Amino acid sequence: TGQLARYDYELDRIMLFDVADNLGIRTILTDSNGFIWFGGERSGLRKFDPETETLLAVYYQSGAGNTGRKIDKRDKSDSINDIEIDGSGLIWLATDQGLFMLDEKKGRIESPLVHPVLNKAHISSLAMGSGSRLWIGTWNGLFQINTVSGLITEYPAESGSDQTVQHNQIHKLMADSRGNIWIGTD
């Protein structure tokens, strides 16, 4: 069973918050306002205010491209593997069913792309790079999308090459302070 927990340094103890409906949490992110966003196995996307210790919102996606909306049921398309926030405040979601985006002002989760791989791929990891570039790690390769123009670039694996990744199954991405993207593969 999944939980949201926080180690409190001043009290030297772990505090538990009953906000995950006993569903596994895979990813946690803090936004610029201090809110905590988290998601996991069939739990949708949740927004938590650590100051008031309250759950502010729960978003579920419908699973149909461009018709995402807040709904009240859980299904396998609501499994979230990673979360990133871009420079304009849009929240990007790596899911088992493709790439999704939350525009909190609209209160809906949408599939912003029409792409043969990214619309249905198991997306394992996201990393926000420089210049509005969102890096996307899938079990079918490495991609980059310019979140302003929508331009998508694919970086296919090539066995034996030292200029690209060796395997298409990407597990984790990380942006460092210099703008480099670190890529963990099989």
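What you see below is based on every heavy atom in this structure, not just the backbone, and it leaves out hydrogens, waters and symmetry mates. Numbers for residues simply follow the sequence, beginning at 1. This structure is a prediction, so every number in the text was calculated from the model and none was measured.
- For D86, there are no salt bridge (charged side-chain N to carboxylate O under 4.0 Å, His left out) partners two or more places apart in sequence or in a different chain.
- With a 6.0 Å radius and a threshold of 12 heavy atoms from other residues, nucleotides or ligands, Y9 has its OH atom at or below the threshold.
- Note: I80 CD1 to F38 CZ = 10.0 Å, rounded to the nearest 0.5 Å.
- Put simply, the side chain of L118 reaches to within 4.5 Å of the side chain of I152, judged on heavy atoms.
- The shortest distance between side-chain heavy atoms of M15 and R13 falls below 4.5 Å.
- Atoms CD and OG1, from Q169 and T185 in turn, are 9.0 Å apart once rounded to the nearest 0.5 Å.
- In this view, S125 and D82 satisfy the side-chain hydrogen bond (donor to acceptor under 3.5 Å, both in side chains) rule, not counting sequence neighbours.
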CA sep, side-chain torsions, deciding dist, call: L99, L126, side-chain contact (heavy atoms from CB on, under 4.5 Å): CA-CA 10 Å; L99 182 68; L126 302 171; 3.9 Å; yes
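- Contact annotation: the side chain of I136 approaches that of I145 to within less than 4.5 Å [non-hydrogen atoms, C-beta and beyond].
- When all heavy atoms are compared, the tightest approach of L16 to A5 is CD2-CB, 3.5 Å.
- Looking at S124, its side chain does come within 3.5 Å of a backbone N or O of I170 through a donor-acceptor pair.
- The minimum heavy-atom distance linking V148 with S132 is given by the pair CG2-OG, 3.5 Å.
- Listed here is the closest heavy atom pair of D186 and H171: OD1-NE2, 2.5 Å.
- Scanning all heavy atoms of the two residues, the minimum distance from E51 to D49 falls at N-OD1, 2.9 Å.
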F35 vs F48, side-chain contact (heavy atoms from CB on, under 4.5 Å): CA-CA, chis, key distance, verdict: CA-CA 6 Å; F35 295 119; F48 181 74; over 6 Å; no
CA sep, side-chain torsions, deciding dist, call: I28, L4, side-chain contact (heavy atoms from CB on, under 4.5 Å): CA-CA 9 Å; I28 302 172; L4 182 64; 4.0 Å; yes
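- Residues satisfying the salt bridge (charged side-chain N to carboxylate O under 4.0 Å, His left out) test with E53, not counting sequence neighbours, are R6.
- Residues N140 and A121 share a closest heavy-atom pair of ND2-CB, 3.9 Å.
- The shortest side-chain heavy-atom distance between I91 and E84 does not fall under the 4.5 Å cut-off.
- In the hydrophobic cluster analysis, where Ile, Leu, Val, Met, Phe, Trp and Tyr join through side-chain heavy atoms closer than 4.5 angstrom, M128 is grouped together with M101.
- No donor-acceptor pair under 3.5 Å is formed between the side chain of T54 and the backbone N or O of L56.
- One finds the CG atom of L142 at 10.0 Å from the OG1 atom of T153 (value rounded to the nearest 0.5 Å).
- Considering CZ of R26 and OG1 of T95, their distance stands at 9.5 Å, rounded to 0.5 Å.
- By the 4.5 Å heavy-atom criterion applied to side chains, W182 and D176 are counted as neighbours.
- Summarising the geometry, atom OG belonging to S130 is positioned 14.0 Å from atom CZ belonging to R178; distances are rounded to the nearest 0.5 Å.
- You'll find the side chain of D31 reaches within 4.5 Å of the side chain of W37, heavy atoms only.
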Audit row: R133, N146, side-chain hydrogen bond (donor to acceptor under 3.5 Å, both in side chains) steps and yes/no: CA-CA 5 Å; R133 291 180 281 186; N146 182 308; over 6 Å; no
Verdict with supporting geometry, T147 and L90, side-chain contact (heavy atoms from CB on, under 4.5 Å): CA-CA 9 Å; T147 60; L90 296 174; over 6 Å; no
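- Between L45 and L93, some side-chain heavy-atom pair lies under the 4.5 Å cut-off.
- In this structure, W92 and I85 have side chains that are not in contact, with every pair of non-hydrogen atoms separated by 4.5 Å or more.
- In this structure, the ring of F143 has its center no less than 6.0 angstrom from the ring center of Y155.
- Considering all non-hydrogen atoms of both residues, L173 and A127 come closest at CB-CB, 3.8 Å.
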